[in-house]
Amino acid sequence: MEKMMRSFFLTLGKSSRIGSLARKYGLKLGASRFVAGVEISSAIEAVKKLNKQGKMATLDHLGEFIRGKEEAAHSANMCLRTLKAIAASNANANLSLKLTSLGLDLDSKLCEEHMRTILDAAAKMNIFVRIDMEDYSHCQPALDLYKRLRESYEHVGIVIQAYLFRSEQDVHELGLNRANLRLVKGAYKEAEEVAYPQKTDVDQSFERLIKMHLQSGSYTAIATHDRAIIDTAKRFIKEQGIPVEQFEFQMLYGICEELQDELVRDGYRVRIYVPYGEDWFGYFMRRLAERPDNVWFVLKNMWK
Ligand code: FDA
């Protein structure tokens, strides 16, 4: 049943027709628990609140379904506006972005140009930029582009998904280049040929990757709400004497806030992923897919 629901929401999240329909109705249906608003001003407000609680943030302008080069340019422009808003408000936040929203599927050269413009601007404002990882078909193109960008820029990082078989090799190679990685379990529906189908295998792979990357001496963002994995990471960090400046925990906006607070109280660096923007639908569907309980939260809210 859980597998069916996950598959249902992931498929729904990919539907651009349903997505544009949902956009018309604004941030209803309970999505505002996971999305910080449609406008940049609400997102900055949310970040400021998090900062007051001792949490850092990474802002993501949601925009996954782009149909042409104009929309890619619009997304790039939104990234620049987000950077400017972070700098202007003095917020403690990074930028997260998706390469498909910058045109990776349309023209990889154009996508690279947008990335270089964004990274040049971010460098001037001293803001770090993280490339989110999308579904498997984009993994190799994203890594190729990341490696090219790393030749010119320091303040850029990428995400590796523990559910992919290839990730151990990727983390090994990226560790040799001191890559700043966000490690996650993985949020998309992938084929059994490329990804572990069983949750226990994904969890084991995740723990291996966290240990490998920490041990390589590279900066590691451990992005999960899984208490068992967080505890394992904390134990390992203590045993190995990994300095607190070499890692951070990351969680999603509106999810497991008590755990976020607990980590802050214990003196760990905590960063919250704060999505905002009109195109919240695909993101929202992935959060529902992860946690069927959220569906009941949404249904309850519909009647309020
Ligand atoms: P898991 O799904 O096993 O959940 C562990 C526990 O966390 C659950 O039992 C529940 O208590 C809580 N929980 C998890 N999800 C919840 C939800 N939606 N609502 C309420 N509670 C929830 N993926 C990707 O493919 N590419 C990417 O770039 C990113 N980026 C990213 C950034 C950050 C900061 C985070 C935290 C996550 C991502 N992800 C991602 C998503 C990631 O791949 C994964 O799908 C989710 O983090 C859920 O997995 P957990 O590690 O939390 O464990």
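All ligand and atom numbering here is 1-based and tracks the order in the structure. For reference, positions follow the sequence shown, starting with 1.
Those atoms of ligand 1 that come under 4.0 Å of a heavy atom in Tyr188, given as number and element, are 25 (O). Below 4.0 Å from some heavy atom of Gly186 lie the following atoms of ligand 1, by number and element: 25 (O), 42 (C), 43 (O), 45 (O). Counting atoms of ligand 1 from 1 in the listed order, those under 4.0 Å from a heavy atom of Asp132 are 28 (O). Using a 4.0 Å cut-off to heavy atoms of Tyr273, the atoms of ligand 1 that qualify are 32 (C), 34 (C). When each atom of ligand 1 is checked for a heavy atom of Gln250 under 4.0 Å away, the hits are 34 (C), 36 (C). Atoms of ligand 1 lying under 4.0 Å from at least one heavy atom of Gln161, given by number and element, are 24 (C), 25 (O), 26 (N). Under a 4.0 Å criterion applied to the non-hydrogen atoms of Ala223, ligand 1 contributes the atoms 33 (C), 34 (C), 35 (C), 36 (C). Against a heavy-atom cut-off of under 4.0 Å, Val159 is close to the following atoms of ligand 1: 27 (C), 28 (O).
With sequence neighbours left out, the salt bridge (charged side-chain N to carboxylate O under 4.0 Å, His left out) criterion links Glu262 to Arg227.
Taking the six-membered ring where tryptophan is involved, the planes of Phe249 and Tyr268 are perpendicular, since the angle between them exceeds 60° and thus also 30°.
The N/O atoms of Ala187, backbone and side chain alike, include one that comes under 3.5 Å of an N/O atom in ligand 1. For the pair Arg287 and ligand 1, the shortest N or O to N or O distance falls below 3.5 Å. Annotation: Arg182 places an N or O atom under 3.5 Å from an N or O atom of ligand 1; distance criterion only. Of the polar atoms of Val184, none of the N or O atoms is found under 3.5 Å from an N or O of ligand 1, judged by distance alone.
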- Hey, mind stepping through Glu113 and Lys109 against salt bridge (charged side-chain N to carboxylate O under 4.0 Å, His left out) and telling me if it holds? CA-CA 6 Å; Glu113 276 168 31; Lys109 283 238 164 71; over 6 Å; no

Let me see the working for Ile118 and Leu102 under side chain to side chain contact (heavy atoms under 4.5 Å, CB included), right down to the final yes or no. CA-CA 10 Å; Ile118 291 166; Leu102 299 178; 3.8 Å; yes

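Side-chain contact, Tyr219 with Glu248: a donor N or O sits under 3.5 Å from an acceptor N or O. Looking only at atom types and distance, the side chain of His74 has no donor-acceptor partner in the side chain of Asn77 under 3.5 Å away.
The hydrophobic cluster containing Phe165 does not contain Met212, counting ILVMFWY residues as joined when their side-chain heavy atoms lie under 4.5 angstrom apart, directly or transitively. Following chains of ILVMFWY side-chain contacts shorter than 4.5 Å, one can reach Leu119 starting from Leu143, so the two form part of one hydrophobic cluster. Ile230 and Val159 fall within a single hydrophobic cluster, where Ile, Leu, Val, Met, Phe, Trp and Tyr are joined by side-chain heavy atoms under 4.5 Å apart, directly or via other members.
Applying the salt bridge (Lys or Arg N to Asp or Glu O under 4.0 Å) test to every pair with at least one member in residues 42-62, sequence neighbours left out, gives these pairs: Lys55-Asp261, Asp60-Lys98.
At a 4.0 Å heavy-atom cut-off, ligand 1 touches Cys256 through the side chain alone. Counting heavy atoms closer than 4.0 Å to ligand 1, residue Thr224 contributes atoms from both its backbone and its side chain. Under 4.0 Å from ligand 1, the heavy atoms of Ile255 that appear belong solely to its side chain. By the criterion of a heavy-atom distance under 4.0 Å, the side chain of Lys199, and not its backbone, is placed next to ligand 1.
Contact check on Lys124 versus Asp120 returns no salt bridge, with no Lys/Arg side-chain nitrogen under 4.0 Å from an Asp/Glu carboxylate oxygen.
Considering each of Glu248, Lys98, Lys185, the one bringing a non-hydrogen atom nearest atom 49 (O) of ligand 1 is Lys185.
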